[in-house]
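To find a chain, count down the sequence lines: A is the first, B the second, and so on, and within it residues start at 1.
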Amino acid sequence: MAEATRWGMVVDLDRCTGCQACVAACYAENNLPLNTEEMVVEDRAHNWIRIERYWEGEYPDIKARFLPVLCQHCANAPCEPVCPVYATYHNSEGLNVQVYNRCVGTRYCINNCPYHARFFNWWETPLPDPMPHYLNPDVTVRSKGITEKCTFCVQRIRRATRNAANEGGRQVADNEIQPACAQACPTNTIIFGNLANPNSTVSKLAKNERHYRLLEELGTEPGVIYLKKVDPHAKSTPERH
Amino acid sequence: MQDRKVLTETQINSELLWFVFNKPTRFWVALTISGLLFLSGVTAFAIMVIFGLGVTGLTTIVPWAFMITNFVFWVGISHAGVMISAILRLTQAEWRRPVTRAAEVLTVFALATAAIFPLIHMGRTWRAYWVFPVDFARGIWPSVRSPLIWDPSAIFTYLTGSALFVYVALIPDLAIARDRTTGFSHKFYSALSLGWRGTPAQWRMQVLAGILLSGLILPVFVSVHSIVSWDFGMSLVPNWHATIFAPYFVIGAVHSGVSGVVTVMAGLRIFMKLENYITQDHFDALGRLLTVVATAWLYFFLLEIVYGFLTLETAETAVRELQILHYPYNIMFALIFINSYLIPVPLWLFKRVRRNIWLMFVTTIMVNVGMWLERFIIIVPGLLYRAPLTFVWGDYTPSVIEVTLVVASFGLVSFGFLLFSKVFPIIPIADQKEGQAIQEDIKIGRITVPAVIRE
Amino acid sequence: MEITRRDFLKLMAGSAAGAVVFNGCNAPEREMLMQSPLLMPEDMVTGLDNYYASICRQCPAGCGIIVRVIEGKAKKIEGNPDYPVNQGKLCARGQAGTQVLYHPDRIRGPKRLVGARGSGQYEDITWEVATKELASRLTQFQGQASTVAIMTEPLTGHLATVVKKFASSYGAEHIVFDSLADTVERTVANRSFGQSTVPDLDIQNANYILSFGADFLGTWGSPVRYGKAYGEFRQGRTKRGTLVQVEPRFSTTAASADEWVPVSPGTEGILALSIAQVIISQGLGNSAAANTLTGGAGASRLNSFRPEDVSKLTGVSTDKIIEIAKAFATQKPSLAIAGSTAGAHSNGVFNTSAIYALNYLVGSVSSPGGLVFNPKAPLPELQVTATAAATFSDLERLAKRLLEGQPPVNLLMVHNVNPVHGLPSSLGIKTGLSKAGYIVSFSSFMDETTEMADLILPDHTYLESWGDDIPEPGVGYEIVGLQQPVVNPLYNTKAFPDALLAIAAQLGGKMRSDLPWGSYLDLIKQDAQKLFALNRGSVRAPGFDAFWVGVLQRGGWWDTNAKAPAGAAPQVPALPSSAVAPSFGGDQSAYPYNLIPFESISLSHGQGANVPWLQSMADPVTTMTWTTWVEVNPKTAEELKIVEGDVLIVESPNGAIRVPAYIHPAIPPKIVAIPMGQGHTAYGRYAAKRGQNVFSILSPVKDSETGALAWAATRVRLTKSDDKIKMPKIEGSVFAVEPPDVDIVGVTTG
Amino acid sequence: MRNQHQNGTNHQVRHYQALSPAQINRFGLVELGSSGPLYRFCVRLFGILALLGIVGFMMRVASSGFSDRAAWGYYVATVVFIFVTFQAAPTVAFAIRAAKGHWRRPVSRIAELFAVVGVLNLILLLPVLFLIPPITGGRKTFWFELHWLLPFSAPGFFLFFGMLALVVCGLCLLYLSALPDFAAARDAKGGIYTGLARGWVGSQRQWKMLKSGLNLLGAFYLMTFVLVTTLFAWDVSETLVPGWKDAIYPAFHSITGLQGAIASTILALGIARKFGGLKNHLHMEQFWGLSKPLLATSLLWFYMGWSTFLTYWYGRTLAEQHVLQLLMFGPYFTVFVMSFLLKFLIPLLFLIWNRVRMSIMGPVLIALSILTGDIFEMVRLYVGPFTITEVGHEMTHVPAAHLPDFADILIIAGAISGAIFIYLVSSKIIPRISLWDMKEGMLLTRVQSFHRAEVLVIGKPE
Ligand SMILES: Nc1nc2c(c(=O)[nH]1)N[C@H]1C(S)=C(S)[C@@H](COP(=O)(O)OP(=O)(O)OC[C@H]3O[C@@H](n4cnc5c(=O)[nH]c(N)nc54)[C@H](O)[C@@H]3O)O[C@H]1N2
Ligand code: SF4
Ligand code: SF4
Ligand code: SF4
Ligand code: SF4
Ligand code: SF4
């Protein structure tokens with residue numbers, strides 16, 4: 001790519017309703033295994049994006065706060081240095097990439113991801129026929145013993161860049177790439193784009209005064225920028241602004 | 001050393017080689033039991049490979065638990081060998097002589113067992129060779145920035161070193177065995193004893209090699225557990241990400257390792273009837289050593305716990321709270337403290353306890369129960385309450401498979417140890433004789449004081 | 001010193017550790033470039049994909065979809081960015097369509113019962129045999145046509161045409177079944193606004209939304225459409241809107257609201273009238289409207305609703321009522337909506353009409369930021385839209401008739417509905433069905449009702465069929481959505497309308513002439529010609545073929561200029577001067593808790609239960625998956641000495657179910673809530689024998705005016721059982737609150 | 001009695017100097033009370049410097065008062081320096097006694113004598129107590145929210161009583177160890193020694209009590225020392241720095257103390273040998289014996305420091321970056337490099353050679369390097385933290401380096417001189433060599449021939 005690229009995302013918490021459309025979209029796009037009841041009970045379910053719900057206050061003055069959490073594609077990703085085989089690495093476009101067929105399944109990266117964004121294939125999880133028909137051919141189906149996680153729908157990024165290259169080597173347009181979750185999200189909570197381009201929608205949104213990054217104090221430099229929830233009735237304490 | 005026995009060289013030879021040349025039933029029983037335990041582990045591993053790691057109790061929240069705990073535990077035990085041999089050899093502690101080989105052999109088998117665990121805990125053990133630089137064709141290398149690459153390097157260095165250590169010290173004894181055997185055994189011992197004749201030149205070489213190896217292996221010994229600790233320290237997991245881990249792990253390893261040696265010594269003394277060699281003096285000396293080590297360990301243990309609170313950060317304090325207040329971790333926490341310090345150390349202050357083989361046997365086993373739990377409580381609670389994201393805090397219960405693997409590891413170590421002691425003398429014969437030679441008495445007025453000759 | 005972790009690691013890797021100590025501070029900020037030499041699927045070209053526009057049929061909202069198809073296999077469903085209802089967005093259920101299409105438990109061809117009814121023993125037959133079989137039955141009962149009934153879901157578009165024609169031509173009864181029928185809302189729309197369809201909501205432009213029970217961000221109405229508008233309402237414009245949710249249960253919408261007002265169940269209307277009282281007495285609202293609404297009497301008509309008088313009854317403080325009233329009247333445009341629980345009481349119409357009337361007071365009827373009315377369909381042929389569902393009273397009569405055989409039901413044809421699962425078991429519908437003469441099911445899945453069938457003529461799934469749709473709630477202008485098959489039918493199934501046409505053809509005579517089309521597609525195309533002839537709207541073309549292609553490509557036809565006529569304001573009915581109190585099934589002393597069943601955001605009231613993605617998708621607030629739970633307030637839990645996962649026996653006067661408790665900090669202490677959708681005994685491997693069906697214990701309380709089921713009017717008692725389960729939920733093992741020292745969910749007050 | 005075998009091949013025997021008990025006594029007691037010109041000069045010099053230190057202290061108070069914490073950084077660093085070097089030295093006496101090294105006997109007293117420095121340091125500590133912010137000040141602290149339980153400034157309270165216990169213990173240790181020598185002095189000279197040696201007759205019971213008393217007091221001294229170091233580490237430096245979350249730091253600090261203890265002892269031995277007339281008592285063997293733990297503690301110092309560094313670097317949270325910045329790479333970079341060189345690199349590069357270890361000059365110079373390094377180290381660890389005013393979890397900006405002013409220099413020089421002054425004076429009252437220990441050693445050692453070699457036979461009575 002000619003243009004400097006740092007793929008990033010803005011998640012506007014004031015829009016999110018916790019509806020889970022993004023979760024289902026990610027299941028469908030990325031060939032996630034079926035999260036059986038056992039997997040959920042055993043804390044082994046795969047949700048590359050999940051909607052965390054925090055409680056604040058007590059009945060009747062209680063608030064639920066929704067927070068979509070996915071891989072933050074950290075510029076300083078703690079998951080990367082611990083991998084002994086380079087199965088997770090950083091690419092030149094700012095993506096934290098997971099190379100499934102290189103992963104030996106140490107799960108060290110899972111330990112070290114402060115966002116709990118990584119998932120391990122505890123079993124082989126075949127789909128009953130004819131369900132494999134809906135599998136996305138652009139995305140590997142992971143076998144047992146491998147760690148996986150949100151890729152920012154890298155296959156869509158690849159497709160768009162390839163198309164752009166085929167169309168006379170033009171630049172990928174702003175908002176041309178939509179990860180499945182962003183595409184589905186009814187409220188437009190999720191916006192994706194190139195943070196390195198100051199004119200992109202994400203870059204502009206990222207400068208919104210409500211912006212913050214999750215667990216920023218860890219110095220991971222996430223590529224996902226959150227915009228704060230607006231709550232006129234929030235019990236505002238000095239630390240929480 | 002109050003109760004030094006005077007033994008003739010012939011007596012030493014025959015007593016220490018008795019086990020090698022005879023086949024007592026108790027040996028075969030013990031070997032079979034430990035072999036079966038080991039086989040149960042092989043079965044458990046096969047199940048893991050065939051069905052996937054889902055058969056364990058591990059979860060996305062706790063991806064490391066029993067197997068890694070057991071890994072750290074055995075690496076810890078393995079520290080006793082060099083601790084006893086190298087340090088005592090360098091400081092010329094006389095009482096070391098009968099203790100060294102058992103300690104070193106324990107090191108080798110404990111370490112070999114430990115090395116198995118990171119491998120079988122992998123999701124794709126069959127790809128384990130990728131952590132070594134093998135993929136020349138595609139130019140794909142392991143990542144030297146990962147502590148998981150430092151681990152195998154350190155462990156294999158240590159394993160090679162300690163195996164060499166055992167072997168070098170073993171050569172004169174192999175020659176003794178060679179001279180007393182015929183047929184295949186003779187050929188076997190001949191080959192291994194590398195033409196040892198006991199010439200002054202050979203002895204000089206042997207002593208020099210021993211001292212050199214001792215000096216070289218000490219840094220390795222410190223590095224191994226430091227590196228193991230960095231598997232945790234280099235992460236961002238609350239409670240794991242602690243500066244203290246390297247020395248804390250090393251001192252903990254020495255604590256559990258020396259305790260392990262005492263347990264094994266007591267077991268040997270009873271099992272092989274070695275009262276003439278492994279004497280109460282040894283337990284006395286090791287007991288005193290343990291008191292010091294345990295106290296140092298306690299200091300680090302307390303520092304580590306206190307520092308979780310000192311930060312006043314939720315992620316850290318939550319883990320301490322879990323460790324100290326919540327079932328079942330509170331029980332384990334109490335057991336660690338009680339088993340590894342509160343009961344044994346005050347007892348060891350009494351000479352009578354230190355000289356009581358059964359009490360030493362029991363207290364050192366207690367220490368290691370505590371130390372196993374200590375590793376567990378370092379590893380698991382930190383993961384359970386990993387990050388400030390309280391939304392994803394979880395639970396962990398080990399599965400039968402994991403418990404089996406842990407039990408099997410004890411089977412494997414005993415199996416190896418037993419097999420070794422069947423083939424080689426477990427007390428260094430030559431060293432024992434040297435000790436006999438340099439012991440002296442001196443008279444001061446009316447009392448006689450035991451003394452040793454300083455070269 | 002700005003050193004990235006990678007810099008350091010590189011140094012570690014590349015140089016002696018000692019060098020780091022001294023050089024570290026000067027290390028340049030540079031990324032460590034490490035491209036993998038391994039080939040990944042995303043790097044490969046995997047073939048050509050096609051995208052087909054169609055309509056989502058996972059719920060009645062009817063969003064526009066685009067399906068990615070590769071080599072004849074549907075891969076991914078996406079929102080149609082062009083389609084006015086959802087504008088490119090899609091909900092989770094919409095995403096899950098591929099799992100419906102490729103579901104392993106689909107019925108793969110026509111079947112005939114060979115064993116006893118309900119035994120599940122069927123033989124495979126051909127469509128020819130199947131059609132003949134049904135035709136001969138129909139011929140047999142031609143004399144007593146009224147003993148034949150067709151039961152379907154609420155239908156729109158040409159499917160409604162075909163079914164209605166079929167029924168009327170034969171003389172059969174057409175029963176429209178919907179567990180959560182919108183009868184009350186429709187009645188109020190009609191009475192208060194003179195509308196035959198439910199109005200659309202201009203959420204995007206509203207400034208203050210006062211929603212009574214309407215979970216419009218979760219399950220009510222057109223969630224994707226409303227969700228999209230809600231996003232704009234929050235952050236898509238200069239002034240952020242305010243949302244107040246008045247509801248006894250903490251729904252998804254309550255969770256997103258600026259304020260949640262837990263109101264006593266069934267008193268929503270009283271609260272609304274109290275708000276009206278404040279607005280009128282303080283002269284805040286539109287005085288003309290106030291005059292009309294009070295029949296000229298002014299605030300005095302509402303004297304019995306003064307906040308201080310109703311505060312105790314509604315459980316909302318006087319101050320809060322006044323505050324809401326003032327805000328509602330002043331922060332215009334404001335919008336009052338009622339739905340779900342507000343209407344699901346014995347006084348449902350009273351509640352709903354009182355709430356909607358508030359819109360008159362602030363001038364939000366048919367104005368920006370308020371209620372938006374829809375025009376009639378562009379063609380009279382499509383006017384059959386919005387088939388009103390049978391009321392609960394009708395279904396009670398049906399059940400009685402089935403049970404007593406008087407008058408008999410000789411032949412019952414069922415399409416896409418599951419009354420056995422979706423009705424209170426006190427009705428005895430299952431026993432009733434077992435007594436019906438002959439049952440034919442057109443279902444794609446072996447659900448509880450289909451299990452009772454004698455003959456099964458499986459329909460295609462919606463991704464394999466043609467169809468059209470006039471969405472309701474509409475978009476404020478004329479729209480016809482077009483549904484097309486995106487893949488060839490997987491199995492030996494037949495589209496329901498085509499099956500009916502084939503039978504009609506077989507029956508011949510009047511049936512044949514009333515339903516003359518060779519196929520359902522012919523019918524659709526025939527009317528598409530008329531749309532083409534209008535020569536306006538989103539697709540205009542020189543010839544029909546081009547028009548047809550255009551409509552297929554865009555997913556339908558619409559005309560943004562064709563809005564509802566301004567027309568004369570409808571007759572505004574006066575507000576009641578006295579309250580209609582709710583009544584409940586089960587008396588307070590024996591059954592101390594109000595049970596609020598609620599629609600699951602993923603499973604709806606049961607349709608989604610066979611789809612594994614939807615089963616594993618977390619409920620937004622509790623994060624529960626795969627099962628049923630009962631939401632219990634922590635205080636109540638303390639009184640009952642229960643903890644999460646304890647199985648409770650939830651007992652109403654009409655039955656009991658065993659459900660694990662979820663300790664829910666945001667449910668009022670005297671209320672318990674249970675999601676709908678589970679408790680299937682059949683319906684495929686992912687649905688069967690899972691959770692409990694809350695419908696089964698509902699008391700047969702009805703809205704006093706319409707006879708609709710008052711499904712939120714049951715009282716229960718709770719008993720702790722000895723069982724305990726580990727809850728299948730996404731959240732962790734502790735109560736998730738933000739730690740004091742870290743901002744997890746950033747919140748700002750302005 | 002045998003004389004030195006200058007050309008012998010056997011090193012142990014080479015330096016073995018057998019003296020008779022009478023010789024030992026005579027030599028040890030003759031110097032008590034008497035003094036040479038060099039001694040007198042030193043006492044005067046250090047006395048005057050100490051007085052200047054008091055002047056410096058006055059200047060500090062006058063110019064900064066007690067509220068400006070930053071101004072007191074060098075003062076605190078000096079107190080801790082004296083603590084981790086001189087005051088630490090008695091631990092060496094205990095350690096070598098417990099290890100039963102046969103070469104230890106002439107070393108113990110020289111190390112134990114440092115206990116008297118504790119009295120001075122206890123006094124110097126008093127101002128520090130007012131400088132540590134109280135726990136009620138909102139700072140992150142080990143004492144949590146315990147202020148309801150502890151109505152006083154908890155850190156100062158525990159630090160003071162810990163220090164008091166240490167000083168008392170040190171003096172008791174010194175007194176007990178010197179008791180038989182006092183008795184010898186009493187027998188030879190009388191005077192104050194009659195009072196000091198009261199009751200000592202040398203009965204078996206008394207000897208037994210003396211031995212176990214020395215062990216107990218020594219162990220207690222070591223543990224109290226570690227405890228007080230830990231308190232210094234926690235309350236006087238670490239908790240002042242937001243984000244400094246370093247569990248190893250107290251242990252690291254204790255190791256600094258043990259390294260300083262050995263270095264101080266070696267330096268004192270060197271001076272005593274060169275200028276104090278102890279040539280016949282102190283031999284290469286003593287320096288050799290101490291140089292091994294000196295190397296070990298230097299290595300441990302690096303090891304623990306590296307652990308912290310590596311952990312912080314991998315963690316790389318913002319807080320950790322700031323702490324590294326403050327303590328290593330930022331304002332105190334030079335200071336850090338100096339302490340790293342003097343306390344680790346130089347000792348390592350030289351002490352790994354047996355040739356250096358087996359000499360007298362070598363260990364002494366290394367000890368000097370380490371002690372100098374300790375000054376830098378204390379500046380790094382205390383001056384920096386004292387310049388920080390913010391409280392909380394994370395430092396938002398790293399303050400600039402704080403340089404010493406004239407008052408600070410007077411304080412540093414004065415306090416150290418004061419410590420030396422006290423030591424010198426005490427050594428005229430208490431024998432610098434443990435006479436009874438030496439005599440015992442003579443009794444337990446023989447030189448014998450073994451086969452063709454001449455060997456030492458050492459009695460091991462326990
Ligand atoms: N979806 C899918 N993908 C596949 C496969 C599959 O089965 N399904 N099969 C895989 C396999 S086995 C293979 S071998 C590859 C084949 O993949 P390709 O090598 O891409 O094969 P083709 O598409 O058959 O032909 C390549 C191009 O060569 C042109 N061509 C034909 N004759 C000549 C000629 O004489 N000179 C020149 N210069 N060009 C010519 C053709 O017009 C065409 O544009 O595809 C692989 N990819
Ligand atoms: S969020 Fe986790 S998985 Fe993603 S880059 Fe960061 S550390 Fe790695
Ligand atoms: S689980 Fe896979 S990606 Fe993660 S650290 Fe291990 S090998 Fe690397
Ligand atoms: S970006 Fe793609 S992979 Fe990541 S959560 Fe969204 S849909 Fe899933
Ligand atoms: S789809 Fe959008 S609104 Fe719904 S949960 Fe996901 S991010 Fe939130
Ligand atoms: S709201 Fe209904 S129609 Fe729209 S996508 Fe969801 S299920 Fe489909």
Under a 4.5 Å cut-off applied to non-hydrogen side-chain atoms, are D/Asp235 and D/Phe158 in contact?
-> no
Answer whether the closest heavy-atom distance between the side chains of B/Phe333 and B/Leu325 falls below 4.5 Å.
-> no
Relative to chain D, which of B/Gly308, B/Gly233, B/Pro247 shows the most heavy atom pairs under 4.5 Å?
-> B/Pro247
Side chain from CB out, backbone as N, CA, C, O: work out which of these in B/Val237 comes under 4.5 Å of a heavy atom of chain D, or both, or neither.
-> neither
Side chain, backbone, both or neither: which part of B/Tyr299 has a heavy atom under 4.5 Å from chain D?
-> side chain
Listed once per pair and sorted, the side chain to side chain donor-acceptor pair (under 3.5 Å) pairs that draw on residues 226-240 of chain B, sequence neighbours left out | B/Ser226-D/Tyr303, B/Asn239-B/Arg320
Pick whichever of B/Ala242, B/Pro147, B/Ala296 has the most heavy-atom pairs under 4.5 Å with chain D.
-> B/Ala242
Take B/Glu304 and B/Phe245, measure what side-chain contact (heavy atoms from CB on, under 4.5 Å) needs, and give me the verdict at the end.
-> CA-CA 8 Å; B/Glu304 204 261 343; B/Phe245 267 18; 3.4 Å; yes
Is there a donor-acceptor pair under 3.5 Å between the side chain of B/Arg354 and the backbone N or O of B/Phe283?
-> no
Given the side-chain rings of D/Phe220 and D/Phe94, with only the six-membered ring counted for Trp, is the space between their centroids under 6.0 Å?
-> no
For chain B, which residues from residues 293-301 of chain D have at least one heavy atom closer than 4.5 Å to it?
-> none
Give a yes or no on whether the backbone of B/Ile377 and the side-chain of B/Gln323 come within a donor-acceptor separation of less than 3.5 Å.
-> yes
Please determine, by modelled atom types, if B/Tyr385 and B/Thr390 share a side-chain donor-acceptor pair under 3.5 angstrom.
-> no
Check the angle between the aromatic planes of D/Trp306 and D/Phe309 and answer parallel, tilted or perpendicular using the 30° and 60° thresholds.
-> tilted
Please name all residues satisfying ring pair (Phe, Tyr, Trp, His ring centres under 6.0 Å) with B/His255, sequence neighbours left out, ordered by chain then number.
-> B/Trp297
Proximity of residues 216-224 of chain B to chain D, residues having a non-hydrogen atom under 4.5 angstrom | B/Val222
Mark yes or no for whether D/Glu320, through its side chain, and D/Arg316, through its backbone, hold a donor-acceptor pair below 3.5 Å.
-> yes
Side chain, backbone, both or neither of B/Tyr248 within contact of chain D (heavy atoms, under 4.5 Å) = neither
Exam field: side chain B/Glu316 to backbone B/Pro238, donor-acceptor pair closer than 3.5 Å | no
